[in-house]
Enquirer: 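There's a structure below that I have some questions on.
A note on names: the letters A, B, ... follow the listed sequences, proteins ahead of strands, and every chain is numbered from 1. The shown structure was predicted, so the numbers you read here are calculated from the model rather than taken from an experiment.
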Protein chains: 2
Amino acid sequence: MTPNKEDFIKAIFELGGQTQVVTNKDLVRTLSISAASVTEMNTRLLKEGLITHLPYQGVILTEKGLTIANQLIRKHRIWEVFLAEKLGYDWNEVHSDADLLEHASSDLLIERLNIFLGEPTFDPHGGVIPNKDGSIPEIHSTPLIECTKGVQFKIKEVDDQEEFLEYLLYKKVHLGKEYTLVDIEPYDGPLTLKSTSGEETIIGHKAAFKILVELID
Amino acid sequence: MTPNKEDFIKAIFELGGQTQVVTNKDLVRTLSISAASVTEMNTRLLKEGLITHLPYQGVILTEKGLTIANQLIRKHRIWEVFLAEKLGYDWNEVHSDADLLEHASSDLLIERLNIFLGEPTFDPHGGVIPNKDGSIPEIHSTPLIECTKGVQFKIKEVDDQEEFLEYLLYKKVHLGKEYTLVDIEPYDGPLTLKSTSGEETIIGHKAAFKILVELID
DNA sequence: AACTTTTTTTAGGATAGACTAAAAATTAAT
DNA sequence: ATTAATTTTTAGTCTATCCTAAAAAAAGTT
C-alpha cells in the first residue's frame, strides 16, 4: 500500500463506493488527475482485489477494499481529534495535516494516540471513528451539528471541558433534557432549540459539535 | 524535497557531512541502497546545491544542505519527545515512528506541536533540538546521560514530574550541587556520582536523561 | 612498479506514477 | 436512428527511484 493507492481507495469510499458505482469522471474531479491515470490505478487495485471494475461504468469497493478505506478514515479522524483538541487547530484547519499524517502512521502509533485522546467516538466534524478492524461502531448518539431542522432529540453526552460545562449551565442545557431543533442557520450560524416545556435556547455553532444527542422518533 | 532526498541529506549529516567528506560506501551501508543509486542521488543533490561533490572521494553538505538537515532533525526530535512523553513510548522505541512522521509534518504542525510540548530543548535521547531556522541553540547544560566517565558537573535542571522529584529528594540530588561522574555502566546500566563532600550516589539509567548538568572544566 | 582489490562511475533496465493525444465506447440530442 | 458530445480506454512519453553488470579510477600489496 502506497500513499497514492490509499488516497485513491479513500476517494472511492468518499464518493459512495461502498454501495454505488463510482465513475472515472468523479475520481478525475476529486483527485485532480487525468482520466488515463484513473484507468491505470483501477487496473492496479483490481489486481489487488480491492475494487470491482465494471468497464465504462466505474468501480465499487470489495469487502477488502472497504475495510482498508475504513481503517484509513480511522487514522485520519484520530489525527483530526488530536490536532483540534491538543494543538488548538480550528475544526476547519485539521483536514490537510491529517491527510498527510494518516499515511505516516503505524498501527501501534494510532492505537497509542487513540488511548491518549481518551478513545473518542467522533472526530471534530462529528464523523464517527471506525474501529481498528475497519468495522463501524454502533452509535446511539449523534453530534447535534449533524442533525437536521425539525428533529427531536435527547441530550446524551457533552464535552467535559470546564468552560463548556459552565456555558451549558448558563444555557440551561443538561443531560437527559429533550428538545426539538427549531432552526439551524447556514454558514456556521447558530442553532435554535425548543425544550418540551416550551423555552427556546439559541446556542453557538461550535457548541453543537460538543453535544451528542439521541434522536427520538 | 521528497522523503527520499530528505533521508539522504539526513544520512550525510549523521555520518559527519557537516565537517568531513562522507564516502559513497558509507551511504551505501547506512541507507542500504546500491552504489549506483548513491552516485545518482549525489548528482541530483549537487544540482540543487545541497552538497559539494568531490569525485571519487565523497560529499559534504553545503550551508543550504546543512540547514535542511537540521530542520529535519528538529522535526524528528520534536516527534520523539511527543511519542515518549505523551504516548508512553520507551525511549528506544521512538525512532522508527518519528522517522515516518518527520516527512509528513507541515511547518505549522511542528510549531504547534513544539508549543504543546512546552518547547523542549532536548529529545528523549538527550540530543539537542535545532531551532526553526536550522541553527543550533546555544546550550550551557547537557543531559547527564551524554556525559562520559570522570567529568565534573553541576546540576542545572531536572524534569519536573512529581514522582521524579521525589526520587531525586530520596537520592539527595538537587539543583546546584556538584558531582564527579565516577562510573557509567554500559547496556543501560546505572551511574555512580560522587559529590564534592564525598558521598556516592547511584542513580538509574533513565533518570540520567532527565537531569541536565553544566560541565565544570 | 606491477598486480590485485576496492570503490566509484557509467550504461542499460525495471517499476510506479503521472501526463497528452488519439481511438473506442457510451450517452445525449436532434 | 443517426449525429454530436462525453467518457473511458489505449498508446506512447516522462520523471523519480531503484536495480545489475561492466568499465574506470583509486588504494593496497607484494
Side-chain angles (χ1 to χ4, degrees), chain A residues 1-17 20-62 64-65 68-69 72 99-100 102-104, chain B residues 1-17 20-62 64-65 68-69 72 99-100 102-104:
Chain A
M1 258 296 166
T2 67
N4 273 326
K5 283 183 192 163
E6 289 184 346
D7 281 338
F8 205 89
I9 289 283
K10 232 182 54 172
I12 294 170
F13 179 84
E14 278 156 10
L15 291 167
Q20 311 155 40
V21 170
V22 173
T23 64
N24 285 15
K25 201 194 165 193
D26 285 340
L27 289 164
V28 165
R29 195 159 17 78
T30 48
L31 293 168
S32 306
I33 56 175
S34 71
S37 298
V38 170
T39 300
E40 211 172 9
M41 189 62 97
N42 281 345
T43 42
R44 261 181 235 127
L45 296 181
L46 185 66
K47 216 180 296 171
E48 293 176 40
L50 303 179
I51 58 172
T52 303
H53 184 217
L54 309 165
Y56 285 99
Q57 294 193 68
V59 294
I60 310 188
L61 292 173
T62 60
K64 202 172 151 195
I68 289 175
L72 285 167
D99 247 338
L100 281 176
E102 68 183 10
H103 302 299
Chain B
M1 257 296 164
T2 66
N4 273 327
K5 283 182 191 164
E6 289 183 347
D7 280 338
F8 205 90
I9 288 283
K10 231 182 54 173
I12 295 171
F13 179 85
E14 278 156 10
L15 291 166
Q20 311 154 40
V21 171
V22 173
T23 64
N24 286 15
K25 201 194 165 192
D26 285 341
L27 289 164
V28 165
R29 195 159 17 77
T30 48
L31 292 168
S32 305
I33 56 174
S34 72
S37 298
V38 171
T39 300
E40 212 172 10
M41 190 61 97
N42 280 347
T43 42
R44 260 181 236 128
L45 297 180
L46 185 65
K47 217 180 296 172
E48 293 176 39
L50 303 178
I51 58 172
T52 303
H53 185 218
L54 309 164
Y56 284 99
Q57 293 194 67
V59 294
I60 310 188
L61 291 174
T62 60
K64 202 171 149 195
I68 289 174
L72 285 167
D99 248 338
L100 282 176
E102 68 183 8
H103 301 300

Enquirer: Are the side chains of A:Asn42 and A:Phe8 in contact, using a 4.5 Å heavy-atom criterion?
Expert: yes
Enquirer: In whole angstroms, how far is the C1' atom of C:dA18 from the NZ atom of A:Lys5?
Expert: 15 Å
Enquirer: Rounded to the nearest 0.5 Å, what separates atom CD in A:Glu14 from atom OG1 in A:Thr30?
Expert: 8.5 Å
Enquirer: For A:Leu50 versus A:Met1, what's the shortest heavy-atom pair and its separation?
Expert: CD1-CE, 3.4 Å
Enquirer: Using a cut-off of strictly less than 4.0 Å, decide whether A:Ser34 has a side-chain nitrogen or oxygen near OP1 or OP2 of C:dA18.
Expert: no
Enquirer: Output the rounded distance in Å from CE (A:Met41) to P (C:dA18).
Expert: 5 Å
Enquirer: Can you tell me how far C1' of C:dA16 sits from CD of A:Glu6, to the nearest Å?
Expert: 15 Å
Enquirer: Under 4.0 Å from OP1 or OP2 of C:dC19: is there any side-chain N or O of A:Ser37 that close?
Expert: yes
Enquirer: Output yes when at least one side-chain N/O atom of B:Asn4 is less than 4.0 Å from OP1 or OP2 of D:dA16, else no.
Expert: no
Enquirer: When rounded to the nearest 0.5 angstrom, what is the spacing between OG1 in A:Thr23 and CG in A:Leu54?
Expert: 12.0 Å
Enquirer: Roughly how far apart are B:Asp7 CG and B:Ile12 CD1, rounded to 0.5 Å?
Expert: 11.5 Å
Enquirer: Does a side-chain N or O of B:Thr2 approach OP1 or OP2 of D:dT17 to a distance below 4.0 Å, or not?
Expert: yes
Enquirer: Check the phosphate of D:dT15 against B:Arg44, side-chain N and O only, distance under 4.0 Å to OP1 or OP2. Yes or no?
Expert: no
Enquirer: First locate atom NZ of B:Lys10, then atom CD of B:Glu102, and finally report the distance between them rounded to the nearest 0.5 Å.
Expert: 3.5 Å
Enquirer: Rounded to the nearest angstrom, tell me the gap between atom CG in A:Leu31 and atom C1' in C:dG17.
Expert: 13 Å
Enquirer: Write out a two-atom table: protein N or O, nucleotide N or O from nucleotides 4-11 of chain C, distance below 3.5 Å.
Expert:
| residue | atom | partner | partner atom | Å |
| --- | --- | --- | --- | --- |
| C:dT7 | OP1 | B:Lys25 | NZ | 2.4 |
| C:dT8 | OP1 | B:Asn24 | N | 3.1 |
| C:dT8 | OP2 | B:Lys25 | N | 2.8 |
| C:dT9 | OP1 | B:His53 | NE2 | 3.2 |
| C:dT9 | OP1 | B:Tyr56 | N | 3.3 |
| C:dT9 | OP2 | B:Asn24 | ND2 | 2.6 |
| C:dT9 | OP2 | B:Thr39 | OG1 | 3.2 |

